[in-house]
Every structure is written in C-alpha cells, then in structure tokens.
Asks: 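Please find one structure pasted underneath; my questions will follow.
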Amino acid sequence: MNELIDFATEISMEAGELLLDGFRNSRTVVSYKSRTDLVTNMDRASEKLIFDSIRRKFPDHTVIAEEGSRSDSGGDIVWYVDPLDGTNNYAHGLPFFCVSIGVFSKSNGRVEAGVVYNPFLDELFTALRGGGASLNGRQIGVSAIGDIGISMLATGFPYDRTGPLRKNLGHFNDFMPLIQGIRRLGAAAIDLCYVACGRLDGFWEGNLKPWDTAAGTLIVEEAGGTVSRYDGSSYDPEYPEVLASNGKIHGAMIGVLSRPSMNGGE
Ligand code: IPD
Ligand code: CA
Ligand code: CA
C-alpha cells in the first residue's frame with residue numbers, strides 16, 4: 001500500500017498544480033450540466049491526467065472518476081477520483097478546492113489509502129489504513145471538543161434542488177440553535193480533512209458520491225475521528241449520507257440526523 005499512497009500523492013500534486021495554474025491564469029471555461037451543476041475544462045484536464053497516469057502504472061486496477069472516466073479491470077483495487085472537488089468555488093474564483101483520491105480494496109470492503117491536496121494552500125492530507133493521518137507530513141488528530149454546544153460543524157447541499165436539498169435545510173435548521181456555528185465551505189473532501197485536523201468538530205452531508213468521501217473519511221478515521229451514516233451504521237462509499245466527527249460529539253449529531261427534522265425539512 002505504500003507504493004499506492006506515494007503514487008496517489010504524486011499525481012494529486014501534479015493535478016493540483018494544473019488546477020492552480022488554470023485558476024490563476026483564467027484558463028477556466030465553464031459549461032453547465034444543469035443550471036445549478038457546472039463543470040469546467042479544468043475538471044476534465046485534471047481527470048485526464050490522473051486517469052491516464054493510474055492506467056499506465058496499474059493497468060489491472062479499476063478507476064472510477066467523477067467526470068465519467070471508467071476502467072473496470074475486475075481486480076481488487078478501485079481508485080475513486082474527484083479531479084476537482086469544489087468546482088463551484090473554482091469557477092467563481094473562490095480559492096477553496098482540491099483533488100481527492102481514495103484507494104478502495106474490494107476484498108477488504110474498505111478504503112485503504114487516501115490523499116486530498118489543496119493546491120492553493122499547498123496542504124496535502126494523507127492517510128494509510130493503520131498508519132495514521134498527516135498534513136504535509138505531520139501527524140494530525142481530531143479536536144477535543146465534547147460539548148456540541150461549542151462545536152463548529154460543516155455541511156454541504158446537493159446541486160439537485162428537490163428532496164435532498166429540502167431534507168438538509170431541515171437538518172441545518174435543527175443544528176443551528178444547538179451549536180456554535182456552521183460553515184458551508186463547498187468542497188466535501190476538504191470538509192472531511194478539516195474534521196481530521198481539528199479545524200471542524202463535525203461534518204454531515206446527504207448526497208455524496210464515493211469520489212467525494214473515500215479519501216477524506218479514511219483521513220478522519222486515521223486521525224482518531226468517527227465516520228458513519230446518519231443513523232450510526234457503518235460508512236459505505238456508495239451510500240450517499242455521511243457523518244464524520246471527532247467522535248466525542250458523534251452521538252449528539254446522530255441524535256439530530258436520525259430523527260425527522262423539527263424545522264421544515266423532509
Ligand atoms: C461538490 C462539493 C460540495 C458538496 C457537493 C459536491 P464537486 O463536489 O464537494 O461541497 O456540497 O455535494 O457534489 O461538484 O465540487 O466535485
Ligand atoms: Ca466532489
Ligand atoms: Ca468534482
């Protein structure tokens with residue numbers, strides 16, 4: 001697995017530099033999947049770089065990337081690739097985006113390695129199962145806050161403006177009076193890494209994909225945090241709801257997320 005994480009680190013940083021160059025030099029061309037869901041030429045350029053590199057180096061691995069690149073080898077290892085997490089931020093000139101790569105083993109049924117690279121801040125988060133989590137080579141750990149009343153949480157909202165959005169607006173309203181603050185940073189992989197390094201105490205979101213969460217959830221767990229579904233059951237990359245926390249406020253967050261919203265959500 002060391003070889004996998006080294007390689008994931010190398011290609012995340014290469015793709016991150018490409019994204020940063022596009023960001024700084026206004027090379028971004030936006031197109032719309034729908035009015036609220038956009039994609040840029042840089043998402044695709046980053047994906048091509050990562051996809052081609054993995055295919056060359058590990059032809060017997062499966063690669064599943066957000067913008068549609070797929071290779072199914074039938075082997076044990078699956079790479080989940082988000083070539084640009086935080087596309088909306090990127091397209092609007094907000095410097096908060098990253099590359100996220102998670103390496104999943106089908107036989108173990110879990111993520112084994114994860115890398116999230118934020119090129120604007122030059123922050124590289126990595127984790128290897130059983131080996132801890134680090135930020136730019138230094139070990140990281142979750143926060144010590146055990147009282148949800150003084151916690152800082154983050155969430156995100158789906159592009160789809162129907163049911164899942166309304167459900168999360170309900171959860172947002174439920175949490176707000178109970179906690180210190182909520183942030184909506186716009187890049188789920190970074191939200192997870194911020195839980196891992198103690199900048200946030202918890203994060204929840206209800207409509208995520210494996211490429212958003214595979215790397216970040218392992219980084220949280222390896223930093224000593226807890227990851228589950230809203231009801232506390234085991235995390236599964238294919239399942240859309242993810243709750244990640246420092247562990248100490250996990251039960252309180254499950255308490256809010258597992259009951260019907262009291263504030264107008266569905
Ligand atoms: C999105 C971001 C956002 C989250 C959305 C994701 P993208 O990914 O992670 O924070 O709220 O649910 O789809 O489209 O920027 O890769
Ligand atoms: Ca994403
Ligand atoms: Ca993306």
Side-chain angles (χ1 to χ4, degrees), residues 11-12 15-16 18-20 22-23 28-51 63-70 79-102 111 114-120 125 153-169 171-172 175 182-196 199-200 202-217 219-220 227 230 237-244 257:
I11 55 179
S12 304
L18 180 87
L19 292 176
L20 190 57
F23 186 79
T28 312
V29 181
V30 176
S31 53
Y32 290 84
K33 299 182 191 175
S34 71
R35 272 179 77 79
T36 49
D37 189 1
L38 56 82
V39 64
T40 75
N41 57 326
M42 298 308 295
D43 294 66
R44 297 200 171 104
S46 171
E47 179 157 313
K48 182 168 171 24
L49 185 157
I50 297 168
F51 185 80
V63 188
I64 299 179
E66 180 178 12
E67 303 310 331
S69 306
R70 296 276 183 285
W79 294 69
Y80 288 118
V81 176
D82 193 335
L84 168 49
D85 188 44
T87 291
N88 247 304
N89 285 343
Y90 189 89
H92 285 269
L94 293 165
F96 204 78
F97 53 88
C98 66
V99 176
S100 173
I101 301 182
V111 183
V115 173
V116 174
Y117 182 54
N118 173 342
F120 196 87
F125 294 87
L153 308 183
T155 189
F157 297 93
Y159 295 120
D160 181 353
R161 293 290 182 247
T162 56
L165 172 67
R166 286 201 295 277
K167 182 172 176 186
N168 205 31
L169 288 170
H171 289 317
F172 187 97
F175 272 119
I182 301 184
R183 298 291 178 265
R184 197 292 193 235
L185 301 174
I190 299 183
D191 292 326
L192 288 163
C193 291
Y194 280 15
V195 173
R199 293 174 187 165
L200 294 169
F203 164 73
W204 84 95
E205 189 166 342
N207 216 32
L208 294 171
K209 302 286 188 189
W211 45 78
D212 295 313
T213 61
T217 50
I219 294 168
V220 171
V227 178
Y230 287 0
E238 299 287 345
Y239 191 78
E241 291 178 353
V242 176
L243 163 60
L257 292 168

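All heavy atoms count here, side chains included; hydrogens, waters and symmetry mates do not. Note that ligands are numbered from 1 as they come in the structure, with each ligand's atoms numbered from 1 the same way.
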Asks: Please could you name the atoms of ligand 1 that Tyr159 approaches to less than 4.0 Å, counting only its heavy atoms?
Replies: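 Matching atoms, with element in brackets: 1 (C), 7 (P), 13 (O), 14 (O), 15 (O).
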Asks: Report yes or no: do Trp204 and Asn168 form a side-chain donor-acceptor pair below 3.5 Å?
Replies: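 Side-chain D/A pair, Trp204 to Asn168: present.
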Asks: Which is the closest N/O/S atom of Asp212 when seen from the Ca ion (ligand 2)?
Replies: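 Atom name returned: OD1.
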Asks: Using distance alone, decide if ligand 1 has a nitrogen or oxygen within less than 3.5 Å of any nitrogen or oxygen in Gly86.
Replies: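 There is such a contact, yes.
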Asks: Between the side chains of Thr87 and Asp43, does any donor sit under 3.5 Å from an acceptor?
Replies: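 Yes, side-chain donor-acceptor contact under 3.5 Å.
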Asks: Note the single closest protein heavy atom to atom 6 (C) of ligand 1, along with its residue, its atom name and the distance in Å.
Replies: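 In this structure, atom 6 (C) of ligand 1 has Asp212 OD1, 4.2 Å as its nearest protein heavy atom.
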Asks: Is the shortest N/O to N/O distance between Arg184 and ligand 1 below 3.5 Å?
Replies: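 Arg184 vs ligand 1: N/O contact under 3.5 Å present.
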Asks: Would you name the N/O/S atom of Asp82 that lies closest to the Ca ion (ligand 3)?
Replies: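 Going through the N, O and S atoms of Asp82 one by one, OD1 ends up nearest to the Ca ion (ligand 3).
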Asks: What protein heavy atom lies closest to atom 4 (C) of ligand 1? Include the residue and the distance to one decimal.
Replies: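 Ranking protein heavy atoms by distance from atom 4 (C) of ligand 1, first comes Glu205 OE2, 3.2 Å.
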Asks: Please write down residue, atom name and distance for the protein heavy atom closest to atom 9 (O) of ligand 1.
Replies: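 Of every protein heavy atom, Asp85 OD1, 2.7 Å lies nearest to atom 9 (O) of ligand 1.
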Asks: Hey, which N, O or S atom on Glu66 ends up closest to the Ca ion (ligand 3)?
Replies: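 The closest N, O or S atom of Glu66 to the Ca ion (ligand 3) is OE1.
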Asks: If you take the nearest heavy atom of each of Gly156, Pro240, Pro164, Gly186, which one is closest to atom 10 (O) of ligand 1?
Replies: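 Result: the heavy atom closest to atom 10 (O) of ligand 1 is in Gly186.
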